[in-house]
Amino acid sequence: MTERTKSITEREQTMTKAERLPSTGRCLAIDTSTSAMTVALLEEGKLLGEISSHAERNHSIGLMPHINDLLARFQMTPRDLQSIAVGQGPGSYTGVRIAVSVGKTYAWALGLDLIGVSSLEAMALGGSVRNDAGLDGELTWVVPLMDGRRKQAFTAVYGFQGAGAETGLGRAGWHEVLPDGIRVIGGWLEQIRDQAEQTGVKSVLFVGETEGFAQELEDFAATISADVLVRPYGIEAEFIGRLAYPRLLQGEKADVHAFVPNYTRLPEAEANLLAGIQVKKGDR
């Protein structure tokens with residue numbers, strides 16, 4: 001389990017007048033879409049503390065203790081929160097449901113603003129920041145990967161152009177190139193290669209659950225002119241909160257009762273076809 005904290009006193013001392021107004025208050029950010037169970041506390045979009053652990057089958061047991069422990073360290077209770085940001089998926093069906101259910105419960109019971117964030121975008125942003133991606137202002141693409149089994153991946157493409165991905169957050173520099181989805185890895189990498197070559201991308205960074213696609217990524221790197229980096233990375237709730245902040249600042253919030261996980265899955269027949277799996281009649 002990893003923990004990161006910053007005292008409220010330190011935070012208040014470093015806040016500028018511009019940061020104080022307007023205010024979104026304190027936000028609890030959570031994500032359970034992968035094996036990483038992660039919770040973070042942010043104030044005005046800045047990290048106060050975070051607890052993350054890896055226990056794929058224990059999210060339903062461990063999430064509430066993680067939240068309570070984090071709040072206790074700052075002598076807070078859930079009533080001291082103003083909003084909750086939830087990794088809405090895609091990812092593990094069971095995992096995504098856990099975070100969404102807890103988020104809805106907090107929002108409904110305490111009257112908190114609720115907002116959903118793409119778990120893939122948080123993975124992409126966090127992975128690019130932690131790996132200091134970006135080639136001196138050149139166009140960089142970031143491809144998050146969650147293992148969807150049978151050579152499928154929950155994935156997307158995000159781009160930025162600047163010294164680092166963090167500088168693009170909330171501005172035009174950080175943008176979605178291709179939306180969240182579940183893709184068969186072979187065809188997906190071909191699509192990325194072709195589009196990257198046409199666009200003039202200088203660097204492609206793959207982050208997340210990359211281990212299961214090692215050979216495909218090695219083959220991809222050999223067939224594209226851009227620099228290719230592959231970095232395993234687990235989602236950090238800090239980046240769920242960072243992505244939520246500018247939207248909360250604009251007054252955006254989800255309807256608690258209509259808020260549902262983002263389940264992205266190819267139909268089984270299409271997945272089998274694209275993966276080259278032949279299903280004989282009568283096998284189903």
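It should be emphasised that the depicted structure is a prediction, and the values quoted were computed from it without experimental measurement.
- Of the possible donor and acceptor atoms, none in the side chain of S33 sits under 3.5 Å from a partner among the backbone N and O of G89.
- E50 places a side-chain N or O within donor-acceptor distance of the main-chain N or O of A237, the cut-off being under 3.5 Å.
- In this structure, the separation between CE on M146 and CD1 on I235 is 4.0 Å, given to the nearest 0.5 Å.
- A donor-acceptor contact closer than 3.5 angstrom links the side chains of D219 and Q215.
- H59 places no side-chain N or O within donor-acceptor distance of the main-chain N or O of D31, the cut-off being under 3.5 Å.
- Counting only distance, with no hydrogens or angles, the side chain of R193 and the backbone of F220 share no donor-acceptor pair below 3.5 Å.
- Residues L110 and V256 share a single hydrophobic cluster, defined by chaining ILVMFWY side chains whose heavy atoms lie under 4.5 Å apart.
- If you look at F213 and F206, their ring centroids are not closer than 6.0 Å.
- With hydrogens and angles left out, the side-chain atoms of E216 and W188 include no donor and acceptor closer than 3.5 Å.
- Side-chain N or O atoms of Q152 include none that pairs as donor or acceptor with a backbone N or O of I182 at under 3.5 Å.
- Here the shortest heavy-atom pairing between L81 and C27 reads CD2-C, 4.5 Å.
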Going through the checks in order, is the salt bridge (charged side-chain N to carboxylate O under 4.0 Å, His left out) test met by E238 and R130?
CA-CA 12 Å; E238 172 187 356; R130 297 299 181 220; 3.0 Å; yes
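- Relative orientation of the Y158 and W174 rings is parallel, given thresholds of 30° and 60° on the angle between their planes.
- With sequence neighbours excluded, the residues that form a salt bridge (charged side-chain N to carboxylate O under 4.0 Å, His left out) with D113 are K253.
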